[in-house]
There are 2 protein chains.
Amino acid sequence: MNILLHSVYIITMDEEGPTSVINGFVIIKHGEFDQVKEGKPSQEELNNASEVINGKGKWLIPGLINTHGHLGSSLLRGAGDDIPLMKWLETVMWPNEKTFTEDIIKKAVSLAMVEMVKSGTTTFLDMYHLHMETVAQLAQESEMRAVLCRGMIGLCSEKEQRNKLSEAINLHRDVHGMNSGKITVALSPHAPYTCPPSFLQMIIEKAKENNIWIHTHLSETEEEVIKHKEQYGLRPVEHMERIGLFQVPCLVAHAVHLSDNEITILKENNVSVSHNPMSNLKLGSGIAPIPQMISKGINISLGTDSTASNNNLDMFEEVRFAALLHKGISKDPTITKTWDILRMAMENGAKALQLQQLGKIKKGYKADFLLIDPNSAHLTPWDKDRIHSHLVYSAKGFDVSDVFVQGKQLMRSKELLFLDEEKVIYEANSFLHS
Amino acid sequence: MNILLHSVYIITMDEEGPTSVINGFVIIKHGEFDQVKEGKPSQEELNNASEVINGKGKWLIPGLINTHGHLGSSLLRGAGDDIPLMKWLETVMWPNEKTFTEDIIKKAVSLAMVEMVKSGTTTFLDMYHLHMETVAQLAQESEMRAVLCRGMIGLCSEKEQRNKLSEAINLHRDVHGMNSGKITVALSPHAPYTCPPSFLQMIIEKAKENNIWIHTHLSETEEEVIKHKEQYGLRPVEHMERIGLFQVPCLVAHAVHLSDNEITILKENNVSVSHNPMSNLKLGSGIAPIPQMISKGINISLGTDSTASNNNLDMFEEVRFAALLHKGISKDPTITKTWDILRMAMENGAKALQLQQLGKIKKGYKADFLLIDPNSAHLTPWDKDRIHSHLVYSAKGFDVSDVFVQGKQLMRSKELLFLDEEKVIYEANSFLHS
């Protein structure tokens, strides 16, 4: 399979500024970009292609990478807003999750996948505790790129802890590398406040033994930090460093409440952060010190969290919040840059998920990309100088017309090719109307 | 003309909660809702209708009301991001605006109108200083509801001040009440920092004399407040009260930096506020104390500001920012309510713009409304309990399929009926490529 896609404006994301926007074509071989070139393809290049696609002047950009979510709870979208976190957990999330069958998880995960592909997400991370082998199956069928984590809460007996960890390790054994490497697996202790140090150490050992990286929630709320200090005499990041968490490659979600020392620890240990601005705002968790972390050189990616706390999975919205929020808080419009924010949803996301050669349009990189139709009032007027700005401040999930992952087309002119959108929506609605 | 629109879920916005969501039909006469009823229409009702529309299970909601913008600068979308306010004004806005011909204004205003109707805005306020009679003509042709203000900066001779005020008063004389009352006019001193007290007093006198209300920018940045105190010994709102601004009905844009006393003054004088969260964030102005103003009972509406500082006019995004921002800042998810935020874009907007019987789906109210297609993953699952939440936390401009203003259809199945979308986008792009 050898795809030639021509007549597109390629936003390579390889270099800041309008010179990295190429009016040209790409050739894709074995799921990777083989050529990224300016101008028109030659007759020979056209002849050698097994499929030729006319991009009709659209923008070609790297696929968006969502580094934190919980797909299994997607059916709880809108089930409880405007209530305090603990009441929300106790009256909405936990009682509902107790009733979740495999069938409900299938409906929820399929719904999330439809929403993600339609709005331009090509890679997602899913941390959930139920039926992750089923999620792997659905991820494979969707042809999306996925990082799957069996989330582990350690507030239970050591026997139960070991069972959970076995499930997580077995998930790695069974599905890591599946679907031509599009599915990978990480280990996910839920959070320091739900996992005692002994359990975390058990997980760290297994991670080292099996060469698996770790994803966890960290320092999401102020209360969490206060309680952690009371219980352990240390702030969460300091404590995690001491027990060895960062000896394994690590991606932490939220990182809202950090001391300067903790920011230094994250940087020194090469820890990536998944910034989830919309979820952090909606739950009243606060605002992560992103500009400070960027200035230290920490790798910041973006995540939506679940639809139960967001309430949508459109990564363009997450980009927009990340771009605007920190300027307003700091009263400094220069504190974050268009380019830095856009990269968070692309190259930085790939790095956070330990995925190589992903997040740019470049020879040798995986061919995960989108076509954006710029013929909308909200993307007008445009030229090479304004494209990056429009992607950050004006573009919407709906502007995505076509989606490719590893060279395979998942959406064509807004029509999903591997997911049955109508059926998925119908079945997800049946959750409320059965 | 007597329209019957059936098979819709009517979100009346007349009362909080699922009981105000009606599965039924509406009858529109003379541009107003004549009936809003549950169930199916009778044969007699069907026979009496000159037009019958099948809503196919869509949501029918009040049209969105954008209470602050500058349409004339729409072509500067993305022309300068991530730079400080004064540098932005001096290097981007002012040099460009100096070159704006009537033709450029036409292109800019038409572009903004296309973007607004497509994303569900039925009413807009436009404050601009160039060619407002032309804007009135375009507003009439678009069939949108519009409040037009000839913006006045008073940093000039008294003669020039009087000329500007004459233009503003003539605009009122010429176009107020035009197009079956859909176009109205207010007076707009630009801001206290650009209008000396003597000029403001001149405007206030004219407003009283001609029974016109006033719209102005107020307390947008911290610097503005500091300088105002230095120059006049009073904070801006306190000063405006003293010089009599609030003796006229008044809508102020931004209101970001307010003392408790100033919030009290706004409430006591029945002043409405246009909250522009995205613009305030992008320019680094700060975050308006919306929860405090809501608790005082101040009427808060929503505005996008211009695409030069937002950079889009999708009111659903503005709703989302207003809904999430204050929860995050205050670290209290209960501090704003879904219902209160949604009303800001509807009933509160109408009140802010001094428009009567607008912003609800109710007998006697103006028939400005949208149909929303709920068959998208991001609005799934839904029932009457979740509709308001989905409108605030998940819906997007693109979900709007049909738009009506005063009973007249402006968009049908996403196709604009009074604006030539393709031509408008083409001509707006020519601004950069000519």
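What you see is a predicted model; the values in this text were computed from it and never measured. Residue numbering restarts at 1 for every chain, and letters A, B, ... go by the order of the sequence lines.
- Interatomic distance, CZ of B:R386 versus CG of A:D81, reported as 9.5 Å (0.5 Å rounding).
- Looking at A:E422, neither its backbone nor its side chain comes within 4.5 Å of chain B, counting heavy atoms on both sides.
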Starting from the C-alpha separation in whole Å, work towards a yes-or-no answer on side-chain contact (heavy atoms from CB on, under 4.5 Å) for B:M278 and A:Y393.
CA-CA 10 Å; B:M278 294 177 77; A:Y393 295 112; over 6 Å; no
For side chain to side chain donor-acceptor pair (under 3.5 Å), just list the numbers for B:T334 and A:D82, CA-CA rounded to whole Å, side-chain angles, deciding distance to a tenth of an Å, and then say yes or no.
CA-CA 5 Å; B:T334 71; A:D82 312 335; over 6 Å; no
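- Contact residues of residues 303-316 of chain B toward chain A are B:N310, B:N311, B:N312, B:D314 (heavy-atom distance under 4.5 Å).
- Applying the ring-ring contact (aromatic ring centres under 6.0 Å, His included) rule to B:H378 yields no partners; only residues at least two apart in sequence or on another chain are considered.
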side-chain contact (heavy atoms from CB on, under 4.5 Å), that's the test. Do A:K331 and B:E223 meet it? Break it down for me.
CA-CA 11 Å; A:K331 301 201 190 87; B:E223 193 190 5; over 6 Å; no
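- Between B:G78 and A:S389, the shortest heavy-atom contact is CA-OG, 3.3 Å.
- Here the straight-line distance linking atom NZ of B:K282 with atom CG of A:L325 works out to 15.0 Å at 0.5 Å rounding.
- Heavy-atom minimum distance, B:P381 versus A:S74: CD-O, 4.2 Å.
- Atom CZ of B:R77 is separated from atom OG of A:S394 by 5.0 Å, given to the nearest 0.5 angstrom.
- Residue A:I329 touches chain B through both its backbone and its side chain, counting heavy-atom pairs closer than 4.5 Å.
- Interface remark: A:A112 contributes no atoms to any contact with chain B (heavy atom separation under 4.5 Å).
- To the nearest 0.5 Å, the span separating CG on B:N280 from CG on A:L324 amounts to 10.5 Å.
- Separation of atoms CD (B:E115) and OG1 (A:T380) is listed at 8.5 Å; rounding is to 0.5 Å.
- Residue B:F321 touches chain A through both its backbone and its side chain, counting heavy-atom pairs closer than 4.5 Å.
- In this structure, B:K396 is not positioned above the aromatic face of A:F398 in the sense of NZ or CZ being under 6.0 Å from the six-membered ring centre and within 45° of the axis.
- Between A:H433 and B:W382 the shortest heavy-atom distance is NE2-O, 2.9 Å.
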